[in-house]
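Notes for the one structure printed next.
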There are 2 protein chains.
Amino acid sequence: MKSSNLYKGSLTTIILKLLNEHDKMYGYEIAQKVKELTKGELKITEGALYPSLHKLEAEGFLDVEVLKVDNRMRKYYKLTEEGTRETVKKLSELEQYITTMRALVNPKFRIG
Amino acid sequence: MKSSNLYKGSLTTIILKLLNEHDKMYGYEIAQKVKELTKGELKITEGALYPSLHKLEAEGFLDVEVLKVDNRMRKYYKLTEEGTRETVKKLSELEQYITTMRALVNPKFRIG
DNA sequence: TCTTATGCATAATAATCTTATGTATGTATT
DNA sequence: AATACATACATAAGATTATTATGCATAAGA
């Protein structure tokens, strides 16, 4: 989604957390939200976003509802109960990742 | 390298930073160091480590010196000048990544 | 002797993302 | 009227990165 490939593997976490905060969102909206919240720093591409949403749905983490608004289709996604649990898990993995990377990269954050 | 796939894309950053701190290291040593510094949280696999070192060398970021110690081969890697510049770049990308992810995931860290 | 540790390497496969392309509607600009 | 841009979905080809499995070789410990 960006020049830096550190974002690889983060998309699922981002999607789940946004849905956790906003209850119900559609794909295009998620992409706009990410751009807005990161001040344009991170732009998620459609080629990554839509397959990722489909996968989360297939895994039972999202429910879908298709609506037509202004004569345009929108697929609204919302977290299932299992999706909420997965969100919690992903967020703690992110915290763990940051802790671990700080320990590796910043001597003053070394563990123990 | 771990269950959480957030680490995907981080290996280069880790290698460069460790070499920046330790001047000269060989592959196996890097793997051990990572395990030690993260208290076993992160284990980098050989199948990821060695190709990554070869790539960094091919890109001109690392110089190699082969030594035989205790009748065992060791390939010592050290940063080139370009490699040092790349390290600085990768570390700032990591800080940017953390800032961006916090903005997305933690409302109280929102940018602006 | 067999396992574990040290030390390198690569091939097959999987996961994730980029780039490119396609469809369709609505709005703004020239 | 024509062109560009925004909205909204989708997928296929290719690249990147990592996992898993395997291989070679030496040394130490049970």
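We use all heavy atoms of the structure for the numbers below, so side chains are in, but hydrogens, waters and symmetry mates are not.
- The partner of D/dT22, taking Watson-Crick or G-U wobble pairs whose two distances both stay under 3.5 Å, is C/dA9.
- One interatomic measurement links the two molecules: CG of A/L49 to P of C/dT16, which rounds to 15 Å at whole-angstrom precision.
- Proximity of A/Y50 to the phosphate of D/dA10: no side-chain N or O atom is located under 4.0 Å from OP1 or OP2.
- Rounded to an integer number of Å, the gap from A/K33 NZ to D/dA8 P is 14 Å.
- For the pair A/K43 NZ and D/dA6 P, the interatomic distance rounds to 12 Å; values are reported in whole Å.
- Rounded to an integer number of Å, the gap from B/M73 CE to D/dA27 P is 14 Å.
- Of the charged side-chain nitrogens involved, at least one lies within less than 4.0 Å of a carboxylate oxygen, so that B/K55 and B/E59 count as a salt-bridged pair.
- Closest to the side chain of A/R74, from the set C/dC17, D/dC9, D/dA8, is D/dA8.
- At a threshold of 4.0 Å, the pair B/E41-B/K35 does not count as salt-bridged, since none of the basic side-chain nitrogens sits closer than that to a carboxylate oxygen.
- Around the CD atom of A/E81, the shell of radius 6.0 Å holds no more than 12 heavy atoms that belong to other residues, nucleotides or ligands.
- Between A/K75 and D/dA10, a side-chain N or O to OP1/OP2 separation shorter than 4.0 Å is present.
- One interatomic measurement links the two molecules: OH of B/Y26 to P of C/dA9, which rounds to 14 Å at whole-angstrom precision.
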_B/S/- contact track for nucleotides 19-28 of chain C, protein heavy atom under 4.0 Å_ = B-----BS--

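- With rounding to whole Å, A/K8 atom NZ is found 9 Å from C/dA15 atom C1'.
- The side chain of A/Y77 approaches D/dA10 more closely than any other nucleotide in the set D/dT17, D/dA10, D/dA6.
- Taking 4.0 angstrom as the limit, B/K55 places none of its side-chain polar atoms (N or O) nearer than this to OP1 or OP2 of D/dT16.
- In this structure, A/E36 pairs ionically with A/K33, as a charged nitrogen and a carboxylate oxygen lie closer than 4.0 Å.
- If you check the side chains of A/S92 and A/Q96, you find no donor sitting under 3.5 Å from an acceptor.
- Straight-line distance from the CG atom of B/L56 to the P atom of D/dA18: 10 Å, rounded to whole Å.
- Relative to the side chain of B/N5, the nucleotides C/dA9, D/dA10, C/dA15 differ in distance, and C/dA15 lies closest.
- Contacts of A/K68 with the nucleic acid, taken as non-hydrogen atoms under 4.0 Å apart, are absent.
- Among residues at least two apart or in separate chains, ring-ring contact (aromatic ring centres under 6.0 Å, His included) pairs with a member in residues 20-58 of chain A are A/Y26-A/Y76.
- An OP1 or OP2 oxygen of D/dC9 is reached within less than 4.0 angstrom by no side-chain nitrogen or oxygen of A/H54.
- Distance CD (A/E65) to C1' (D/dA8): 16 Å, rounded to an integer number of Å.
- Of the charged side-chain nitrogens involved, none lies within less than 4.0 Å of a carboxylate oxygen, so that A/K90 and A/E95 do not count as a salt-bridged pair.
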